Every structure is written in C-alpha cells, then in structure tokens.
Amino acid sequence: MSSPLHYVAITATDGELIGYLWADATVVDLVHRSASSSRAYDAGTRWWRRADDARKRGLAPLGVLTLLSRESDVGPVTGARDLAAIEELARVVTPEDDRRLLDQLDRDNAGAWHELAEAFGALTDEDRDITWGGGQKQANGVYHVAFPLYSRPLKRAVAALSGVGAVTPEHRWVDSPMPQPSPDGRLSAADAVRAATTIVRGERFSDGTIAAAVQDGLLDAVVAALRAWYAQQAHPHHDERPLLMCRFCGGSPAADVSFRAHRGLVVLMGFKKADGPMCMTCGLAVYRAYTTHTLCVGWWSPLSLFVFAPLALVRNVLAVRRVKRLPAPGPGTLGPRYDPGVPVHRRPRAYVALVPALWLLLMVVTGLSGGV
Ligand SMILES: [Zn+2]
C-alpha cells in the first residue's frame, strides 16, 4: 500500500452512498457526499464518530479503515492519489440522488401544477423589475438595511414552487453549489428542484436571492424544467426507464444482465453466475473472465459438453451485446472499476475448448467413414 491516502466508501442500509472515510498517516476523517440526503448525512456523522472513537482508543488511522471495512455497509480499503481525488468522488451526483429529489415533487396535485403555470404566466415586467426599499440614512445617522420589494404576483409565483414540492429539505443546499443552466438556458428536473430549494430557502438568509434568480433567468429555467417534467409524467411510456447504477463501480448507465460460468469436470460440476446491473467496462470484464473460464473447464462431462457449457456461452454472448450497446460509464462512485483486459480470443486458456471440438469432429468423421 504505497498510496499516501486510503479511503472506504460508506453506504446506508437502504443502499444510498453516504460518503468516504479517509485516512493518511495521522488523520481519519469523513467526506460527505454533497448530493446525499439529510438522513445519509446524519448517518455519516455517526460513522465519523465511530472512526474517531476507534482512533482515540489508539488505533492507527489505516487500522481504523481496515477495522470498519469488515462491516457490510463499508467498501474495501482503496488507495487515493490525494484528498482532492476523494472530494471529487464525493461531488458525483448519482441517478439515485436525482430520483430522490424528483420523488419530492407532488405529481398527483394537478391544482398545484396549474397554479405554478398560472402564477408565472401572470408575471409582468414590473413584477420582474425588482426595486429595493430601505438603505436610506435615518435621523440617528444609522443606515437602514436595504431589502428587496417583491410584488404580490411574484410572491405568489415563488409560493407556487413550494406548492409542487420543489422546495424540499431533501436537498442539502448549504453544502451544494447553485445549479447552473446549460448554455441554451436549460436545467434538468432534479437540478430545478435543487435550484428552487436554494433560491427560496436562501432568501431567508440572504435578501435578494430571489431577485438575482429573476434577473439572470434562473427562476424561469427552473419553472420551465419543472413544467417539462410534469408534462412528461402525463406520458409515462415516454422514456421512463430508471437509470441503473453498476453494482461494482457505481457508474451509469448500466444494464441489468447476468453472466454465467460453467465448470464441467466429471465429478465436480459447478455453476457460477454474476448478476447486474453492470456498466460497459465492468460488464465486459465479467463477460471475458466467465467466458474464458467456461471455454477452459466447461467441457469435461457429457451433460456439460452438450448442454451446460454451450448454454452458458450463448447466454453470455447475448448478455454482452446489451452491455456493449451502453455508452462509456460516467464516474464510478463505489470505488475502482474492473479492468476488462484483453478479449477472449487473446486468452490462451480459451483455446482449451479446441480439444472437445476436435474430438467431436473426429467422432463425426470416423462415424461417417464407417469406422474405417
Ligand atoms: Zn462498473
């Protein structure tokens, strides 16, 4: 272990990724995932306390990670270049994070969505041209603090965001940057929830957050994204497939596939199966390993030769076609990714399969020639 830093990924009991406990020569600390839920954040704090207790009992930092990594919710101890690399991992937003926020939207409250459309449609240029009150010098020489004067229609429109569920404690906005629309002014629906929450909650701590969002167009992008999401809910057959996460590395997209390996020795018959979801990289790695294994040791019993080995090979080929159709996966969140290595035809072990194939050919030829 030559890396200066090590970390373990910590998962909640419901499968949500909480964050990363890391250790160097002197310190054990936790990096929370910025997009995690409030519940995961609290759970992370409890994990940090356990690590801290173990450290205070005299365990070395790396020893703390090793100890905790024996638990089922903790991943293997992994090396990292530096703390920045772990922090980058913690900034990854998973499809699961997006889905959790979209679940906060009240898709069944048609009245609230109607109100959102109405209230924003009714805004005039005067409503959008926000003036500030206060700021003048008072008789005692003290300046009155300036505050934005929001019109009644604008307040109604902002309230409508809460009405559809777009302002939610599920988004920990204090720890996250304000989402930025793409160059063509668009936001994803989940980012619209993040932005709506930050704008509306932020106003309580910092006057003028709403005014800024009105002026730079962010609020309009939020409403457009939310309304597009709601319109899509009305046509659920339109691209509703949930985004899967690779079970090995946490990358997306992933396909739900199974790969099989068969060992057909006369006395020892064995079946091995790996179930998805898997991303393209990890899926290809599992395919190559399992297929090579089957080609090498899959043949050595009659039932294996004619049934199990061919079946496993055909099913693997069908499954790998689905994995290969996936685009390259986004950043992994669970840890390192499997290395697919070289293709099956470049693995010497695979050519053991030529032995039963040649034997079969020999049987056929001698059969046809009448055993001459
Ligand atoms: Zn993967």
Side-chain angles (χ1 to χ4, degrees), residues 3 5-22 31-37 40 65 69 71-81 84-100 188 190 239 241-261 272-294 312-313 315-347 350:
S3 296
L5 235 67
H6 292 87
Y7 70 93
V8 290
I10 297 181
T11 317
T13 39
D14 65 357
E16 185 186 343
L17 203 51
I18 293 172
Y20 304 95
L21 264 178
W22 63 271
V31 180
H32 285 280
R33 286 181 61 244
S34 56
S36 71
S37 67
L65 295 194
S69 74
E71 305 208 11
S72 59
D73 293 337
V74 181
V77 178
T78 308
R81 198 172 60 238
I86 299 171
E87 285 170 341
E88 195 182 311
L89 213 51
R91 275 194 294 273
V92 171
V93 178
T94 66
E96 231 8 89
D97 296 328
D98 283 358
R99 197 163 348 158
R100 205 170 46 245
S188 73
D239 192 27
R241 253 185 318 161
L243 257 175
L244 295 171
M245 238 169 87
C246 175
R247 56 170 280 214
F248 298 113
C249 71
S252 292
D256 208 358
V257 291
S258 305
F259 290 109
R260 290 148 218 273
K272 215 159 53 159
K273 185 165 165 239
D275 291 313
M278 298 177 207
C279 70
M280 185 184 71
T281 311
C282 297
L284 205 56
V286 175
Y287 164 77
R288 288 174 176 171
Y290 276 34
T291 297
T292 307
H293 185 75
T294 306
L313 293 175
R315 286 168 127 176
N316 285 358
V317 167
L318 293 178
V320 81
R321 278 166 55 187
R322 295 183 47 210
V323 165
K324 277 183 171 166
R325 270 203 296 269
L326 295 170
T333 50
L334 292 178
R337 195 160 269 158
Y338 277 132
D339 177 9
V342 298
V344 174
H345 69 263
R346 285 180 45 203
R347 299 180 185 211

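Just follow the structure's listing: the first ligand is 1, and inside any ligand the first atom is 1. No hydrogens, no waters, no symmetry mates; every other heavy atom, side chains included, goes into these values. Note that the structure is a prediction, hence the values are computed from the model and not measured.
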Inset, instruction - Find out whether Cys282 and Arg337 are in side-chain contact, i.e. whether some heavy atom of one side chain is under 4.5 Å from a heavy atom of the other. - result: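 In contact.
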
Legend entry - Side-chain heavy atoms of Val342 within contact of Arg347, under 4.5 Å: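 Yes. Closest side-chain heavy atoms under 4.5 Å.
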
Legend entry - salt_bridge(Arg91, Glu88) N-O dist < 4.0 Å: no

Quiz: residues 246-259 side-chain donor-acceptor pairs under 3.5 angstrom, not counting sequence neighbours:
unit_1, atom_1, unit_2, atom_2, d
Arg247, NH1, Asp275, O, 2.7
Ser252, OG, Leu244, O, 3.0
Ser258, OG, Asp275, OD1, 2.6

Legend entry - Listed partners of His293 passing ring pair (Phe, Tyr, Trp, His ring centres under 6.0 Å), at least two apart: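 His293 satisfies ring pair (Phe, Tyr, Trp, His ring centres under 6.0 Å) with no other residue.
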
Legend entry - If only protein N, O or S atoms under 2.8 Å count, total around the Zn ion (ligand 1):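 Number of qualifying protein atoms: 4.
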
Inset, instruction - Mind jotting down which residue pairs meet the salt bridge (charged side-chain N to carboxylate O under 4.0 Å, His left out) criterion with at least one end in residues 277-287? Sequence neighbours excluded, please. - result: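 Listed by first then second residue: nothing to list.
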
